[in-house]
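First the structure, in the form of structure tokens, and then the observations on it.
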Amino acid sequence: MTRFPRRTRRTRRIAGAGAAAAVLALSACSSSGSESSSSPEASGQDLTGTVTVFAAASLKESFTTLGERFEKEHPGTRVTFNFGGSDSLAAGINNGAPADVFAAASAKTMKLVTDEGHAAGSPGTFVRNRLEIATVPGNPHGIDALEDLTASGLKVVLCDRTVPCGAAARTALEAGGVSLTPASYEQDVKSALTKVQLKEADAAVVYRTDVKAAGDKVEGVEFPEAAEAVNDYPIARLENAPNPSAAKAFVALVKSAEGQKVLGEAGFLEP
């Protein structure tokens, strides 16, 4: 549950069988190298096999839900995920890791893949995310603002500077004129949040979506500088996708009204 600061010195806002046969006949006549222009819903019965999605760690809960829905809507398919820091995922893709879809937590990390020619077409932003401070339940240290994270003896963790949540935290800290030396830098946002959940850290600067997903295991504190570090999340089907049709359909689901509803309920902002 997000905790709103008590201080007043800052303001915080915070078909039928015949139709199926016709579709199969058209599919058999098409070139194996071409990509169907029909909608995923229209060609859904043709989708089979595994679609592998590389996605930012902060998308774990919402994408897992969408993966389950995709499998239900397209019997014969299976969605597997690799969640982690966007920079590590991009490096894996560029080094030849087999994947169908990449969903990054920043345009910068997506660019690492597009610059190598591994994205099919132009990536599109599907959601945005902003930061919050996660504290242990009850916020015993009375953390109400970024500058409170500099208090003597306070153990604060941040995401590594190379991952989007770490870059965003650095931007927010600079915007607030706050100099902070964290107890540790974590490889992704889930790792940073886990430190607080296990009470190995007093606070962490993470995404609001991760605070919400953690429920009563942490407490969230909004801070105005977060508005200066909102991350766009781009998604793309990959050029060498082993299952391009299913990849295209998964991306379509993420961008659909159904997908946006799931993401919105997780706390993501509209693109």
Side-chain angles (χ1 to χ4, degrees), residues 1-7 12 14 54-64 81-89 91-92 104-106 109 129-226 229-231 233 266-268:
M1 181 178 294
T2 297
R3 174 178 179 275
F4 290 89
R6 299 182 298 274
R7 299 185 182 182
R12 289 182 176 76
I14 300 232
F54 279 33
S58 50
L59 292 164
K60 183 175 182 178
E61 292 79 13
S62 52
F63 265 34
T64 297
F81 294 99
N82 182 6
F83 295 108
S86 295
D87 63 325
S88 296
L89 297 176
S106 72
T109 46
N129 209 352
R130 66 185 294 166
L131 300 171
E132 277 192 8
I133 298 169
T135 75
V136 296
N139 193 4
H141 297 281
I143 298 169
D144 287 341
L146 278 181
E147 62 259 37
D148 293 339
L149 298 178
T150 64
S152 178
L154 201 66
K155 294 182 66 176
V156 180
V157 297
L158 300 176
C159 297
D160 191 84
R161 300 177 184 184
T162 63
V163 299
C165 66
R170 186 167 68 244
T171 296
L173 289 165
E174 290 174 352
V178 177
S179 179
L180 173 66
T181 301
S184 67
Y185 286 103
E186 300 301 318
Q187 62 183 354
D188 58 49
V189 69
K190 294 298 185 185
S191 298
L193 190 68
T194 296
K195 287 279 189 176
V196 179
Q197 292 175 310
L198 296 177
K199 298 184 179 180
E200 295 176 0
D202 301 306
V205 181
V206 297
Y207 294 122
R208 58 182 291 184
T209 52
D210 294 288
V211 172
K212 185 170 183 177
D216 59 5
K217 295 179 181 179
V218 299
E219 189 163 321
V221 177
E222 295 183 353
F223 57 95
E225 295 87 354
V230 177
N231 277 11
Y233 280 50
F268 287 96

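This one's a predicted model, so the numbers in the text were calculated from it and none came from an experiment. Residue numbers count from 1 along this sequence.
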Side chain Tyr207, main chain Val189, donor-acceptor under 3.5 Å: no
Candidate list Val206, Thr194, Val211, test side chain to side chain contact (heavy atoms under 4.5 Å, CB included), partner Val218, passing option: Val211
Separation between CD of Gln187 and OG of Ser88, rounded to the nearest 0.5 Å: 7.0 Å
Residue list, side chain to side chain contact (heavy atoms under 4.5 Å, CB included) with Glu174, at least two apart or on another chain: Arg170
Aromatic ring proximity Phe63/Phe83, centre distance under 6.0 Å: no
Separation of Asn129 CG from Thr209 OG1 (nearest 0.5 Å): 3.5 Å
Residue from Ile143, Leu198, Val196 passing side chain to side chain contact (heavy atoms under 4.5 Å, CB included) with Val136: Val196
Point-to-point distance, once rounded to the nearest 0.5 Å, from CD of Glu61 to CG of Asp210: 6.5 Å
Gap separating the CG atom of Asp144 from the CG atom of Leu149, nearest 0.5 angstrom: 10.5 Å
Atom pair CG/CZ of Leu59 and Phe268 - distance to nearest 0.5 Å: 4.5 Å
Side-chain (Ser86) to main-chain (Ala105) donor-acceptor, under 3.5 angstrom: yes
Any donor-acceptor pair under 3.5 Å from Asp188 side chain to Ser191 backbone: yes
